[in-house]
Amino acid sequence: MPVCEVCGNDYDKAFEVRAEEAAHVFTSFECAIQALAPICAHCGCRIIGHGVEADGRIFCCAHCAEQEGVPALRDRV
Ligand SMILES: [Zn+2]
Ligand SMILES: [Zn+2]
């Protein structure tokens, strides 16, 4: 039985996520988000949408990027 690498749960509906060549096993999307979702460089929230990238940093939205001095980004949708 696969075991969730975040919470250690061995729920039988575990699933695998591949991220940058590594395979991760989770039992819920919540755990997957916890382990894999990037964090907004401005507000610190988990980015589970597309997010925006600038200067090697990642933000949850164009507004946050602007607050960190990144000029006029557009949300990628
Ligand atoms: Zn879990
Ligand atoms: Zn943000």
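Nothing here was measured: the structure is a model prediction, and the numbers come from that model. Both counts, for ligands and for their atoms, begin at 1 and track the order of listing. Sequential numbering from 1 along the given sequence is applied to the chain's residues.
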SG (C60) to the Zn ion (ligand 2) to SG (C43), nearest 10°, is 110°

Output field for angle at the Zn ion (ligand 2), C40.SG vs C64.SG, rounded to 10°, should show 110°

| message | side-chain contact (heavy atoms from CB on, under 4.5 Å), that's the test. Do V70 and D55 meet it? Break it down for me. | response | CA-CA 8 Å; V70 178; D55 296 337; 4.0 Å; yes

Side-chain contact, heavy-atom cut-off 4.5 Å: R46 with I39?
yes

**Asked** Do the side-chain N and O atoms of E68 and H42 include a donor-acceptor pair separated by under 3.5 angstrom?
**Response** yes

Rounded to 10°, the OG1/T27 to the Zn ion (ligand 1) to SG/C7 angle comes out at 100°

- Message: Are the side chains of F26 and N9 in contact, using a 4.5 Å heavy-atom criterion?
- Response: no

In this structure, the Zn ion (ligand 1) sits at the vertex of an angle between SG of C4 and SG of C31 that rounds to 10° as 120°

